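Working notes, structure below.
What you are looking at is a predicted structure, and each value in this text was computed from that prediction instead of being measured. Keep in mind that the numbers below use all heavy atoms, side chains included, and drop hydrogens, waters and symmetry copies.
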Amino acid sequence: MFTIGDFARHGRVSVRMLRHYDAIGLLRPAHVDPYSGYRFYEAGQLARLNRVIALKDLGFTLDQVRSILDEEVGAEELRGMLRLRRAELESAMSEAAARLAQVGARLRAIESEGHMSAQDVVVKSVPATRIAELTGIAAGFGPGEIGPVIGPLYQELCARLEAAGVTGCGPGIAHYEDAPAGDGSIVVHAGMIVPAGAAVPDVDIVDLPALEQAATVVHRGPMDDLLPTIQTLAAWIDTNGYRSAGYSRELYLECPEDPARWVTEIQEPVVRTP
C-alpha cells in the first residue's frame with residue numbers, strides 16, 4: 001500500500017486534493033489506521049484517480065464525476081469524451097496547449113490499464129554526483145506545473161555554464177522536494193553534471209547524494225507523456241515488496257531537438273517493506 005503522500009506523487013495530484021476526494025466520497029482510501037488516522041491507498045486505485053482527473057479536465061463538476069463513475073462509464077465512451085475535449089482544446093491555440101498535454105497523458109494511462117507493460121524496472125544503486133543547478137518553485141507536481149518551470153531553468157543554466165566556459169561532463173539531472181511553504185508547492189532543481197572544481201557565477205554547485213536503492217525505468221518520449229511510465233513504476237514498487245522513499249529523480253540520457261526521441265531514466269528511491 002501507499003501512504004497518501006506517495007499515492008499523491010504517483011498520481012501527480014496534491015495531498016490536499018486526495019483528502020477532499022475522501023471527504024466527498026469520490027475516492028476513499030483503501031485503509032485508514034484506526035489509531036493514527038493515516039490514509040493508505042492501493043496501486044489499483046490509480047485507475048479511478050485517472051478517470052477522476054480526466055473527467056475534471058473535460059469540465060465536469062466533482063458531483064458529475066462521481067455520478068459518471070458510479071454508473072461505470074465504459075472505457076470506449078470515456079475515450080470518446082476525451083477525444084471531443086481534445087478537439088476543443090486544439091482550437092484554443094497556445095493557451096490550451098498545456099491542458100491538452102495533460103488530457104492526452106491521462107488518456108494514455110487509462111488505455112494502458114489492464115495491459116502488460118513492456119517497460120523493465122531495475123533496482124540499482126545510484127552514485128553521488130556533482131551537479132551545477134538552478135532552482136525554482138512549481139505550484140504542484142503535475143506535468144503542467146513542472147514543465148513551465150523546469151524548461152526555463154535549464155535554458156538559463158546552459159547559458160550561464162556557456163558564459164563561464166564550463167562544459168558539462170554528463171547528462172542533466174532534475175530532482176524535487178516539498179517547498180517549505182507546506183502548501184503543496186514543489187522546489188524544482190534543474191541540474192547538469194559538471195567536473196570537479198567547476199565554478200559558475202550565480203549557479204549552485206551541489207553534491208547530489210547517492211541512492212542506496214533506486215527503482216529505475218526508462219521513459220521514451222516527451223515529458224508530457226510521463227504519467228503512464230510513473231504509474232508503471234508505482235505498481236511495480238507496490239507489488240515487489242518495496243515502498244517509495246522520496247521524490248524520483250530524472251536523468252536526461254538523450255535530449256534531441258524532437259521531444260518524441262527523448263530518453264529519460266526515472267530513479268525513485270525505495271526501501272524494502274518490513
Verdict with supporting geometry, V13 and Y21, side chain to side chain contact (heavy atoms under 4.5 Å, CB included) = CA-CA 11 Å; V13 297; Y21 290 169; 5.6 Å; no
Across all chains, not counting sequence neighbours, the side-chain contact (heavy atoms from CB on, under 4.5 Å) partners of T61 are D63, Q64
Mind checking side chain to side chain donor-acceptor pair (under 3.5 Å) for R16 and listing every partner two or more places apart, or none if nothing turns up?
-> none
Could you state whether V206 and V126 fall into the same hydrophobic cluster, counting links through intermediate Ile, Leu, Val, Met, Phe, Trp or Tyr residues with side-chain heavy atoms under 4.5 angstrom apart?
-> no
Value for CD1 (I266) from CG (L226), rounded to nearest 0.5 Å, stands at 4.5 Å
Report, as yes or no, whether the 6.0 Å neighbourhood of atom CD on E177 holds more than 12 heavy atoms from other residues, nucleotides or ligands.
-> yes
Charged N-O contact under 4.0 Å between K124 and E265 = yes
Residue pairs passing the salt bridge (charged side-chain N to carboxylate O under 4.0 Å, His left out) test with at least one member in residues 248-260, sequence neighbours excluded, are none
Closest heavy-atom pair and its distance - A260, P222 | CA-CD, 3.8 Å
With ILVMFWY side chains joined below 4.5 Å, transitively, what does F40's cluster contain besides itself?
-> M1, Y38
Which residue pairs pass the salt bridge (charged side-chain N to carboxylate O under 4.0 Å, His left out) test with at least one member in residues 198-207, sequence neighbours excluded?
-> R130-D207
Applying ring-ring contact (aromatic ring centres under 6.0 Å, His included), name anything that partners W262, two or more places apart in sequence or on another chain.
-> none
Trace of the side chain to side chain contact (heavy atoms under 4.5 Å, CB included) decision for T264 with V218 = CA-CA 6 Å; T264 308; V218 173; over 6 Å; no
Are any non-hydrogen side-chain atoms of R12 and I53 less than 4.5 angstrom apart?
-> no
Would you indicate whether the side-chain heavy atoms of Y242 and V123 approach each other to under 4.5 Å?
-> yes
Calculate, to the nearest 0.5 Å, the distance between atoms CG and NE2 belonging to D225 and H219 respectively.
-> 6.0 Å
By ring-ring contact (aromatic ring centres under 6.0 Å, His included), F141 pairs with (sequence neighbours left out) Y176, Y247
Can you get from L134 to V166 by hopping between Ile, Leu, Val, Met, Phe, Trp and Tyr side chains that sit under 4.5 Å apart?
-> yes
Side chains of H20 and L62: does their closest heavy-atom pair fall under 4.5 Å?
-> yes
Could you pull out all donor-acceptor pairs under 3.5 Å where a side-chain atom in residues 151-158 meets a protein atom, sequence neighbours excluded?
from : atom 1 : to   : atom 2 : distance (Å)
Y154 : OH     : I173 : N      : 3.4
Y154 : OH     : I173 : O      : 3.1
Y154 : OH     : G191 : N      : 3.2
Y154 : OH     : G191 : O      : 2.9
E156 : OE2    : R160 : NE     : 2.7
E156 : OE2    : R160 : NH2    : 3.4

Rounded to the nearest 0.5 Å, how far does OG1 of T135 lie from CD1 of I186?
-> 13.5 Å
For the residue pair E268 and S244, what are the closest heavy atoms and their distance?
-> OE2-OG, 2.7 Å
Are V122 and L253 grouped together when hydrophobic residues (ILVMFWY) are joined by side-chain heavy atoms under 4.5 angstrom apart?
-> no
Where do G5 and V15 come nearest, in terms of heavy atoms and distance?
-> CA-CG2, 4.0 Å
Residues, nucleotides or ligands: over 12 heavy atoms within 6.0 Å of R28 CZ = yes
If only atom types and distance count, is the side chain of R243 paired as donor or acceptor with the main-chain N or O of D6 below 3.5 Å?
-> no
Which residue pairs pass the side-chain hydrogen bond (donor to acceptor under 3.5 Å, both in side chains) test with at least one member in residues 164-173, sequence neighbours excluded?
-> none
Within-4.5 Å side-chain heavy-atom neighbours: L49 and F7 = yes
Can you check whether L208's main-chain N or O pairs, donor with acceptor, with T129's side chain at less than 3.5 Å?
-> no
Quick one: closest heavy-atom pair of V203 and A132, and the distance?
-> CG1-CB, 3.7 Å
Is it true that V270 and L211 fall in one hydrophobic cluster, defined by side-chain heavy atoms closer than 4.5 Å?
-> no
Shared hydrophobic cluster, Y252 / V194 (ILVMFWY, side-chain heavy atoms < 4.5 Å) | yes
Evaluate the criterion side chain to side chain contact (heavy atoms under 4.5 Å, CB included) for residue pair R220 and T229; output intermediate values, then yes/no.
-> CA-CA 9 Å; R220 300 180 185 277; T229 301; over 6 Å; no
Would you indicate whether the side-chain heavy atoms of D22 and P29 approach each other to under 4.5 Å?
-> yes
From L251 atom CG to I193 atom CD1, the distance as rounded to the nearest 0.5 Å | 6.0 Å
Step by step, would you call I68 with V65 a side chain to side chain contact (heavy atoms under 4.5 Å, CB included)?
-> CA-CA 5 Å; I68 292 171; V65 169; 5.8 Å; no
Do you know the tightest heavy-atom contact between A128 and A210?
-> N-CB, 3.5 Å
Looking at residues at least two apart in the chain, or sitting in another chain, which of them share a side-chain contact (heavy atoms from CB on, under 4.5 Å) with A139?
-> E145
Give the other cluster members for V187, using side-chain heavy-atom distances under 4.5 Å between Ile, Leu, Val, Met, Phe, Trp and Tyr residues; answer none if it is isolated.
-> I137
Taken to the nearest 0.5 Å, the spacing of D238 CG from Q231 CD works out to 12.5 Å
Side chain to side chain donor-acceptor pair (under 3.5 Å) partners for Q45, two or more places apart = none
Does the side chain of H189 reach to within under 4.5 Å of the side chain of I131, using non-hydrogen atoms?
-> no
d(R39 CZ, L27 CG) to nearest 0.5 Å is 11.0 Å
Minimum-distance pair of heavy atoms, taken over all atoms of G37 and V32 = O-CG1, 3.7 Å
For residues L55 and L69, determine if any side-chain heavy atom of one lies less than 4.5 Å from a side-chain heavy atom of the other.
-> yes
